[in-house]
Amino acid sequence: MAQENEAMICRILEARHFQRDIDFSVSGFSAAGPLLTVLQKQPAAFHLLLLDIGLAQENGMELAKRLRELNVGCSIIYITSYAEYMSDSFATHPLEYLMKPVDEERLEKAIKWDLQKNHRPGQIALPVRGGLRKVEAKDILYAEAVNHKSAVHLPGEEIPVNLSFREMLSRLRGDAFCRCHHSFVVNLEHVLKQTTRGLLLDTETELPVSRTYQQEITKRFIAFLK
């Protein structure tokens with residue numbers, strides 16, 4: 001990643017309107033070799049790569065092809081001056097192919113989409129009475145609005161959270177969490193089936209699905225099952 005790309009992605013991730021309690025670090029590489037060495041040893045070292053086609057004495061797309069052959073699954077965004085490589089890039093399944101000078105709004109949208117689609121946090125820090133409590137995202141059954149605040153439901157436990165429901169929704173990212181009602185957001189990992197009355201969870205709890213969210217929850221649940 002060139003120095004200017006590094007500065008740009010830091011600017012986007014640190015923006016107040018973008019940051020959502022995501023811890024991140026950014027590493028810069030001016031040549032393909034050192035990056036390839038890191039990923040050969042640790043294939044999951046990075047979540048997202050911003051690759052320039054014209055790396056020093058090397059081709060960034062050839063690096064990407066090599067990484068895909070090694071089953072490195074991190075997301076890739078190309079940032080380049082070479083429009084002629086665009087069709088060749090499809091084989092590496094990039095999120096975006098951005099021409100210089102980079103449209104930062106378009107880059108930001110790509111990063112947001114990637115986070116929502118592919119980034120599932122292991123833990124979520126919840127502000128509760130007396131401090132913060134960390135819970136495993138996979139253990140959350142659902143969250144609901146309660147008296148202008150929120151509550152998170154785990155198997156056998158309800159946790160009052162000092163967040164508005166809108167703020168709670170921003171914490172529950174990724175494909176697993178889906179709003180099913182104006183007062184409920186559900187973790188699809190715990191949904192056994194969709195019924196005529198709502199959603200039946202693996203704890204035998206049944207959540208309502210409002211008409212507003214009926215179509216979206218059906219589409220998301222079918223996609224999640226696939």
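Here the structure is a predicted model, which is why all the values come from computation and not from measurement. Any value given below was found using the heavy atoms of this structure, including those in side chains, with hydrogens, waters and symmetry copies removed.
- A 4.5 Å side-chain heavy-atom check between Leu126 and Met168 finds at least one atom pair inside the cut-off.
- For the pair Glu108 and Lys112, the salt-bridge criterion is met [side-chain N within less than 4.0 Å of a carboxylate O].
- Among residues at least two apart or in separate chains, ring-ring contact (aromatic ring centres under 6.0 Å, His included) pairs with a member in residues 87-110 are Tyr78-Tyr97.
- Within the 4.5 Å cutoff, no side-chain heavy atoms of Thr80 are placed close to those of Tyr85.
- Connection of Trp113 to Val102 is established within a shared hydrophobic cluster, with ILVMFWY side chains joined at heavy-atom distances below 4.5 Å, either directly or through further cluster members.
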I'd like to know whether Arg66 forms a side chain to side chain contact (heavy atoms under 4.5 Å, CB included) with Gln40, so could you lay out the CA-CA distance, the side-chain angles of the two residues, the decisive distance to 0.1 Å, and finally the verdict. CA-CA 10 Å; Arg66 176 67 177 138; Gln40 283 175 322; 4.0 Å; yes

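- The neighbour count for Gln215 CD, taken as heavy atoms of other residues, nucleotides or ligands under 6.0 Å away, does not exceed 12.
- A single hydrophobic cluster is seen to contain both Ile111 and Leu98, as judged by linkage of ILVMFWY side chains at heavy-atom distances under 4.5 Å, directly or through other members.
- No donor-acceptor pair under 3.5 Å is formed between the side chain of Ser150 and the backbone N or O of Val161.
- Listed here is the closest heavy atom pair of Arg220 and Cys178: NH1-SG, 3.7 Å.
- Thr203 and Thr205 form a side-chain donor-acceptor contact under 3.5 Å, judged by distance and modelled atom types alone.
- Leu49 is not listed as a side-chain neighbour of Val72, based on a closest heavy-atom distance of 4.5 Å or more.
- Distance CG/Leu63 to CG/Asp52: 11.5 Å, rounded to 0.5 Å.
- Within the model, atoms CD of Glu157 and CG of Asp139 stand 10.5 Å from one another, a figure rounded to the nearest 0.5 Å.
- Other residues, nucleotides and ligands contribute only 12 or fewer heavy atoms inside 6.0 Å of the CD atom of Glu105.
- Note that the CD atom of Glu189 and the CG atom of Asp202 stand 10.0 Å from one another [nearest 0.5 Å].
- Heavy atoms only, all atoms of each residue included: Ser89 and Pro94 are closest at O-CD, 3.2 Å.
- Hydrophobic cluster membership differs between Tyr142 and Leu200, with clusters built from Ile, Leu, Val, Met, Phe, Trp and Tyr side chains linked at under 4.5 angstrom.
- Residues Pro127 and Arg171 share a closest heavy-atom pair of CD-NH1, 3.9 Å.
- In this structure, the separation between CD on Glu62 and CD1 on Ile53 is 9.5 Å, given to the nearest 0.5 Å.
- Residues Asn187 and Leu201 fail the side-chain proximity criterion, which asks for heavy atoms closer than 4.5 Å.
- Residues Gln194 and Thr218 are in side-chain contact: their nearest non-hydrogen atoms beyond the backbone lie under 4.5 Å apart.
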Assess the residue pair Glu96 and Leu107 against the criterion (side chain to side chain contact (heavy atoms under 4.5 Å, CB included)); give the C-alpha distance rounded to whole Å, side-chain angles, the decisive distance to 0.1 Å, and a yes or no. CA-CA 8 Å; Glu96 267 283 16; Leu107 174 59; over 6 Å; no

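- Taking the side chain as every heavy atom from C-beta outward, Arg179 and Phe165 approach each other to under 4.5 Å.
- More than 12 heavy atoms of other residues, nucleotides or ligands shown are found within 6.0 angstrom of CZ on Phe46.
- Put simply, Leu141 and Phe224 are part of the same group of oily side chains (I, L, V, M, F, W, Y) that touch within less than 4.5 Å, one to the next.
- Under the 4.5 Å side-chain heavy-atom criterion for ILVMFWY residues, no single connected hydrophobic cluster contains both Leu154 and Val146.
- Residue Glu84 places its CD atom among more than 12 non-hydrogen atoms of other residues, nucleotides or ligands, all under 6.0 Å distant.
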Applying side chain to side chain contact (heavy atoms under 4.5 Å, CB included), run through Val209 and Leu199 and close with a yes or a no. CA-CA 7 Å; Val209 175; Leu199 300 171; 3.6 Å; yes

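- Residues meeting the side-chain hydrogen bond (donor to acceptor under 3.5 Å, both in side chains) test with Glu167, sequence neighbours left out: Ser164.
- Across all non-hydrogen atoms, the minimal contact from Leu192 to Phe221 is O-CZ, 4.1 Å.
- Summarising the geometry, atom CD1 belonging to Ile217 is positioned 5.0 Å from atom CG belonging to Leu188; distances are rounded to the nearest 0.5 Å.
- Considering NZ of Lys109 and CG of Leu95, their distance stands at 15.0 Å, rounded to 0.5 Å.
- Taking each heavy atom of Met61 and Thr92 in turn, the nearest pair found is O-CG2, 4.4 Å.
- Ala151 and Glu158 make their closest contact through CB-OE2, 3.7 Å (heavy atoms, listed as atom of the first residue, atom of the second, distance).
- No side-chain heavy atom of Thr212 sits less than 4.5 Å from a side-chain heavy atom of His182.
- Looking at heavy atoms from C-beta onward, Ile77 lies out of side-chain contact with Leu51 at the 4.5 angstrom threshold.
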